[in-house]
Amino acid sequence: MTSDFSTPAAPDGGAGPGALLDGNAAAGEFAGILAGDPTIATVRCGDCGAAQAFGQLHAYMGGPGTVLRCRECEAMVARVARTPRGAWLDLSGSSSWLFSPAPGLA
């Protein structure tokens, strides 16, 4: 997982492989690895420093993995891929993930 490529959105705007979606579309894939709901996280881009809710990230799905990009600078923030060896999680494009407690649990 060393490349930082993603396929552009389908010309018809459909959700084909590589189509731009928001981070909510990738929540299930990340929840299975993080053992929790990633949509409660605020993610800080390691490139430009923008902080954004997980759901605001740009998600590219349908390729060999799922790639999340910063909505401000389009830098790769996180990616996940499943292979026969296991699930690969790369968070190297982010500087931090803040998981806020659910209301009433603080």
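- Scored by the salt bridge (charged side-chain N to carboxylate O under 4.0 Å, His left out) test, R44 finds no partners at all (sequence neighbours excluded).
- For T42, there are no side-chain hydrogen bond (donor to acceptor under 3.5 Å, both in side chains) partners at least two apart in sequence or on another chain.
- The aromatic rings of F54 and F30 lie perpendicular to each other, with more than 60° between the two planes, well past the 30° mark.
- The side-chain hydrogen bond (donor to acceptor under 3.5 Å, both in side chains) check on Q52 picks up nothing, with sequence neighbours excluded.
- Considering only heavy atoms from C-beta on, R82 comes within 4.5 Å of I33 through its side chain.
- Taking both residues in full, the closest heavy atoms of A50 and C70 are given as CB-SG, 4.2 Å, listed atom of the first, atom of the second, then distance.
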Where do S94 and V43 land on the side-chain contact (heavy atoms from CB on, under 4.5 Å) test, with the steps shown first? CA-CA 7 Å; S94 57; V43 182; 3.9 Å; yes

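- Taking T66 as the reference, nothing meets the side-chain hydrogen bond (donor to acceptor under 3.5 Å, both in side chains) condition, with sequence neighbours excluded.
- Closest non-hydrogen pair, R69 versus V77, comes out as C-CG2, 4.0 Å.
- In this structure, the side-chain contact (heavy atoms from CB on, under 4.5 Å) partners of D47, at least two apart in sequence or on a different chain, are C45, C73, A75.
- When the side-chain hydrogen bond (donor to acceptor under 3.5 Å, both in side chains) test is applied to S95, no partner is found at least two apart in sequence or on another chain.
- Taking CE from M61 and CG from L20, the interatomic distance works out to 12.0 Å, rounded to the nearest 0.5 Å.
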